Amino acid sequence: MISDILIALIATLHLWILVLEMFLWDKPAGLRAFGLKPEFATATRTLAANQGLYNGFLAAGLIVGLLQGAEGYAFKLFFLICIAVAGIFGAATSSRKILFIQTVPAVLAIAALHFG
């Protein structure tokens, strides 16, 4: 049950990231969330929308796993691993805070899923 709560929270986070990257990237909320300058945000809006779509796919995978109940174990594990790896890459190439926003919650959910 703890793993399902963590997974639901992570899915919600990734849906929020989808909104930020696809719809709010060059708006005040997106500029604040990612520490962007308006010129850069405008120039990279299409790239951000693409990233947002991928975050939506990650959320969708977790939601499908949750809807499958116990049979969704492999689904949940796969998408959590994807999120953890993406967070490590993001932390190495973009911002260290991504490690704490994406990777740490995913690893905690993986542990809860494994031991739950």
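Model, not experiment: these values are computed from the prediction.
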Please list every donor-acceptor pair under 3.5 Å in which a side-chain atom of residues 108-116 meets a protein atom from a residue at least two apart or in another chain.
none

Under 3.5 Å, which donor-acceptor pairs do the side chains of residues 83-102 form with other protein atoms, sequence neighbours left out?
residue, atom, partner, partner atom, Å
Thr93, OG1, Phe89, O, 2.8
Ser95, OG, Lys97, N, 3.4
Lys97, NZ, Ala33, O, 3.2

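Both Phe79 and Tyr73 are part of a single hydrophobic cluster, where members link through side-chain heavy atoms under 4.5 Å apart. Residues Ile81 and Val64 share a hydrophobic cluster, clusters being chains of Ile/Leu/Val/Met/Phe/Trp/Tyr side chains in contact below 4.5 Å. Note on Val107: it does not cluster hydrophobically with Ile2, by side-chain heavy-atom contacts below 4.5 Å among ILVMFWY residues. In the hydrophobic clustering of this structure, Phe75 groups with Leu80; members are Ile, Leu, Val, Met, Phe, Trp, Tyr whose side-chain heavy atoms approach within less than 4.5 Å, directly or through other members. A chain of hydrophobic side-chain contacts below 4.5 Å, direct or via other Ile, Leu, Val, Met, Phe, Trp or Tyr residues, connects Met22 to Leu24.
Side-chain contact between Thr46 and Asn50: absent, with no pair of heavy atoms (C-beta onward) separated by less than 4.5 Å. Between Leu58 and Cys82 there is a side-chain heavy-atom pair separated by less than 4.5 Å.
Arg45 is linked by a salt bridge (Lys or Arg N to Asp or Glu O under 4.0 Å) to Asp26, counting only residues two or more places apart in sequence or in another chain.
Between the CD atom of Glu39 and the OG1 atom of Thr44 there is a distance of 11.0 Å, given to the nearest 0.5 Å. If you take CG on Leu31 and CG on Leu20, they are separated by 10.5 Å, rounding to the nearest 0.5 Å. Note: Leu18 CG to Phe57 CZ = 9.5 Å, rounded to the nearest 0.5 Å. In this structure, CG on Leu62 lies 11.0 Å from CG on Leu67, to the nearest 0.5 angstrom. Between the OG1 atom in Thr12 and the CD1 atom in Ile7 there is a gap of 11.5 Å [rounded to 0.5 Å].
Sorted by first and then second residue, the side-chain hydrogen bond (donor to acceptor under 3.5 Å, both in side chains) pairs with a member in residues 56-66 form an empty list; sequence neighbours excluded. The ring pair (Phe, Tyr, Trp, His ring centres under 6.0 Å) analysis of residues 10-52, with sequence neighbours excluded, yields the pairs Trp25-Phe34. The side-chain hydrogen bond (donor to acceptor under 3.5 Å, both in side chains) pairs that include a residue from residues 75-87 are Asp4-Lys76, where partners are two or more places apart or lie in different chains.
By the neighbour-count criterion of 12 heavy atoms within 6.0 Å, atom CG of Leu53 is densely surrounded, having more than that number from other residues, nucleotides or ligands.
What you find for Ala41 and Leu36 is that their closest heavy atoms are CB-CD1, 4.1 Å.
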